[in-house]
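Here's the structure, in C-alpha cells; my notes come after.
Just so we're on the same page: letters track the sequence lines, and every chain starts at 1. Keep in mind the model is a prediction, meaning the values are calculated, not measured.
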Number of protein chains: 2
Amino acid sequence: MAPDRNRRRIPDATVSRLPVYLRILGEQADEGVESISSEGLAELAGVNAAKVRKDLSYLGSYGTRGVGYEVAYLVYQIRRELGLTHDWPVVIVGAGNLGQALAGYGGFGERGFPVAGIVDIDDAKVGTVLGGTRVRHIDELPQIVATRRVNIGVVATPGAAAQDAADRLVKAGVTSILNFAPVVLSVPRAIEVRKVDLAVELQILSYHEQRRAGGAIHAVQNGNGRSASA
Amino acid sequence: MAPDRNRRRIPDATVSRLPVYLRILGEQADEGVESISSEGLAELAGVNAAKVRKDLSYLGSYGTRGVGYEVAYLVYQIRRELGLTHDWPVVIVGAGNLGQALAGYGGFGERGFPVAGIVDIDDAKVGTVLGGTRVRHIDELPQIVATRRVNIGVVATPGAAAQDAADRLVKAGVTSILNFAPVVLSVPRAIEVRKVDLAVELQILSYHEQRRAGGAIHAVQNGNGRSASA
DNA sequence: AGGCACTCGTGCACACGTTCACAAAGCCAG
DNA sequence: CTGGCTTTGTGAACGTGTGCACGAGTGCCT
Ligand SMILES: NC(=O)c1ccc[n+]([C@@H]2O[C@H](COP(=O)([O-])OP(=O)(O)OC[C@H]3O[C@@H](n4cnc5c(N)ncnc54)[C@H](O)[C@@H]3O)[C@@H](O)[C@H]2O)c1
Ligand SMILES: NC(=O)c1ccc[n+]([C@@H]2O[C@H](COP(=O)([O-])OP(=O)(O)OC[C@H]3O[C@@H](n4cnc5c(N)ncnc54)[C@H](O)[C@@H]3O)[C@@H](O)[C@H]2O)c1
C-alpha cells in the first residue's frame with residue numbers, strides 16, 4: 001500500500017509483547033483513557049519503560065514527546081503490524097477435552113480468530129455441536145481450509161496423532177500451526193509452529209519449587225513487595 | 001543431601017528445554033534404547049547438538065565420550081534437577097471450560113502433578129465431579145492447600161477474576177502459579193508466575209502470516225525440506 | 001516569547017543465549 | 001599397546017535482548 005515503509009523486521013521478543021500491550025491499550029480505551037505514557041503502559045504490562053519505548057519504536061515514531069502515546073492510534077498501529085486488520089479463521093483438529101474447551105471459548109472469535117471448523121477422526125465425535133460449530137470428519141479438512149481460506153491450524157489431538165494432524169494441516173494448505181500436543185512436530189521449513197505445553201510449564205515451576213526448598217530458608221515471604229510479572 | 005554440589009544455577013533457557021529432553025528420553029527408554037548421543041537427542045528435540053551438550057553439562061558430566069549418554073541415568077538426573085522425584089499436587093481455580101478440560105486430562109497426574117482439588121466461586125459448579133475430583137467452593141482453598149501441601153496453583157477463571165484468584169492462592173500459601181487468564185498478575189516477588197496466553201500465541205502467528213503476505217511472493221512451498229521446530 | 005517540566009527515541013554497555021570448533025577422553029580393533 | 005574413530009565438554013565468537021542515560025522534541029505556564 002504505502003510506497004516504501006514495511007521492510008523492518010521486528011525482533012521476536014518484541015512481537016511476543018505487542019499482543020500484551022494491545023490488550024492493555026484496548027482496556028484503557030474502553031475506560032476512556034486517550035493518552036498513555038511508556039511508563040504507564042510499562043506498569044500495566046509488568047515490564048520496563050525503556051523496553052516499551054524500544055518495542056513501540058519498531059512500529060515507527062508514534063509517540064509525542066512530553067505527552068505520551070495516543071491510545072487509539074497506537075491500538076491501530078499495533079493491530080496493523082500484527083496483521084489484525086482482518087480476521088484469521090482457524091481450524092481445530094481434535095474434538096476431545098481440549099478441542100471442546102477451545103471451541104466453547106468465546107474469546108477466540110472476539111479477538112479475530114473465528115473457528116472455521118473442528119474436525120476429528122472419531123465418527124462418534126463427528127456431528128456433535130461445540131460452541132455453535134458442528135464437528136466434521138478430518139477428511140473434510142482440505143475443503144474447510146480451502147473454502148474458508150484458513151491459514152492457521154490448531155492441533156489438539158493426543159501426542160501420538162499430532163504429527164499426522166500436522167501433516168494433514170500442511171497438506172491442506174495451512175501455513176501456521178499452534179500445537180498443544182507434547183510432541184515436537186516435523187514440518188516444512190516454511191511453516192510456522194508454536195507450541196503450548198502444559199507439562200513443560202509445570203515442570204519449570206517444579207524446578208523453581210525444588211530449588212526454593214533446596215536453598216537456605218531465607219524465604220521471608222515479603223508479603224507486600226509486589227511486582228508485576230508477565 | 002550430598003555435601004557440596006548443588007549451587008549451580010541453571011540458565012532459564014536450559015530449564016525450559018530440560019522437560020522436552022526428559023519426555024523424549026522417556027519415550028526412548030520405553031522403546032528399549034539404552035544410550036543416546038547429543039546428536040540423536042538434538043534431532044528428536046529439534047535443536048542444535050551443541051545446545052544439548054551445553055544444557056546437559058549444567059547437570060554435571062554425565063556423558064561418556066565416544067559413546068553418548070546412558071538414557072536411564074540421564075532421565076534420573078534430569079528428574080532430580082527438575083524436582084520431579086516426588087509429586088507436586090496442584091489446585092485449579094475455576095471450573096469452567098478450561099478448568100474442566102484440565103481436570104479431565106489424565107496426563108496431568110501421570111506426569112507427577114496430581115489434581116489436589118478444583119475450586120470455583122459459583123455454587124452451581126460446586127459439587128459436580130470432574131475427572132474424579134469433586135468441585136469445591138473457593139472458600140475451602142486454604143484448607144485444600146494446607147492439608148494437601150499444595151505449592152502450585154492454576155488460574156483458570158475469567159480475566160476479571162484472575163487477580164482475585166491469584167490473591168487467594170497466595171494467601172493460602174501457594175508459591176507458584178500457572179495463569180491461563182489474559183491478565184498480568186500482580187503478586188509478591190517471591191511467587192513464581194508463568195502465563196499461558198492463547199491470544200498472544202495466535203497473534204504471533206498472525207504477525208508472521210501478515211508478514212508473509214506482505215513480502216514478495218517467493219513462498220515456494222518447499223514441500224520436503226523438513227525441519228523440526230519446538 | 002522564553003523557560004520549564006515532561007516524555008519520547010535511541011546510542012551504548014552489559015547480560016544472556018546460541019553456535020562453532022576443537023582438545024580431551026573413552027572405546028575398539030588388530 | 002597403539003592408532004584410529006567417535007563423541008563429549010567447553011572456550012570463544014557471535015547474535016539477540018535488556019536497561020540505563022541522555023539528547024531532542026513538545027506542550028504549558030508565566
Ligand atoms: N485436556 C487438557 O487439559 C490438556 C492439557 C494439556 C495438554 N493437552 C494435550 O492436548 C491434546 C488433546 O488433549 P485432550 O484432553 O483433548 O485429548 P482427548 O483424548 O480428549 O481428545 C483427543 C481427540 O483427538 C481425536 N483424534 C485422535 N487422533 C486423531 C487424528 N489423527 N486426527 C484427528 N483427530 C484425532 C480423538 O478422536 C479425540 O477426540 C493432547 O495431546 C494432550 O496432551 C490437553
Ligand atoms: N476455554 C478455553 O479454551 C480458553 C482458552 C484460552 C484462554 N482461556 C482463558 O481461561 C480462563 C477460563 O476460561 P473458561 O473458558 O474456562 O471460562 P469459563 O467462564 O467457562 O469458566 C470460568 C470459571 O471461573 C469461575 N470463577 C469466576 N470467578 C471466580 C473467582 N473469583 N474465583 C473462583 N472461580 C471463579 C466461574 O464460576 C467459572 O466456572 C479465561 O481467562 C480465558 O480467557 C480459556
Take the protein atom OH of Tyr21(B) and the nucleotide atom P of dT8(D), then report the distance between them rounded to whole Å.
12 Å
Between Glu39(B) (CD) and dG9(D) (P), how many Å, whole number?
15 Å
note: Lys51(A), atom NZ; dA13(C), atom P; distance rounded to Å ~ 21 Å
Backbone N or O of Gln203(A) within a donor-acceptor pair of the Arg111(B) side chain at under 3.5 Å?
no
Distance below 4.0 Å between Tyr69(A) side-chain N/O and dT26(D) OP1 or OP2
no
Show each protein N/O and nucleotides 12-16 of chain D N/O combination with a separation under 3.5 Å, one pair to a line.
unit_1: dA12(D); atom_1: N6; unit_2: Lys54(B); atom_2: NZ; d: 3.1

Generate the contact string for nucleotides 21-30 of chain C. Rules: B means base contact, S means sugar-phosphate contact only, - means no protein heavy atom under 4.0 Å.
B--BBSS---
So Val71(A) and Glu34(A), do their side chains get closer than 4.5 Å, heavy atoms only?
no
Please state whether the phosphate of dT8(D), meaning OP1 or OP2, lies under 4.0 angstrom from any side-chain nitrogen or oxygen of Ser38(B).
yes
Could you tell me how far apart Arg17(A) (CZ) and dG17(D) (P) are, to the nearest whole angstrom?
9 Å
Report the distance from atom CD of Glu43(A) to atom P of dT7(C), rounded to the nearest whole Å.
14 Å
Round to the nearest Å and state the distance from Leu41(A) atom CG to dG9(C) atom P.
12 Å
Check: Ile92(A) and Phe180(A) side chains under 4.5 Å, non-hydrogen atoms:
no
Stepwise side-chain hydrogen bond (donor to acceptor under 3.5 Å, both in side chains) check, Ser176(B) with Asn151(B)
CA-CA 6 Å; Ser176(B) 288; Asn151(B) 288 309; over 6 Å; no
Atom-to-atom span, CG of Leu56(A) to C1' of dT10(C) - whole angstrom:
14 Å
Can you list every pair that meets side chain to side chain donor-acceptor pair (under 3.5 Å) and has a residue in residues 22-31 of chain A, with sequence neighbours left out?
Arg23(A)-Glu27(A)
Take the protein atom CG of Leu59(B) and the nucleotide atom P of dG9(D), then report the distance between them rounded to whole Å.
10 Å
What I want to check is whether the side chains of Tyr207(A) and Arg211(A) have a donor and an acceptor closer together than 3.5 Å.
yes
Between Arg168(B) and Asp164(B), is there a side-chain N and carboxylate O pair less than 4.0 Å apart?
yes
Does Glu209(A), at its CD atom, have more than 12 non-hydrogen atoms belonging to other residues, nucleotides or ligands within less than 6.0 Å?
yes
Per Asn48(B) side chain, nearest of listed nucleotides dT10(C), dT19(C), dT10(D)
dT19(C)
Does atom CD of Glu201(B) have more than 12 heavy-atom neighbours from other groups under 6.0 Å away?
yes
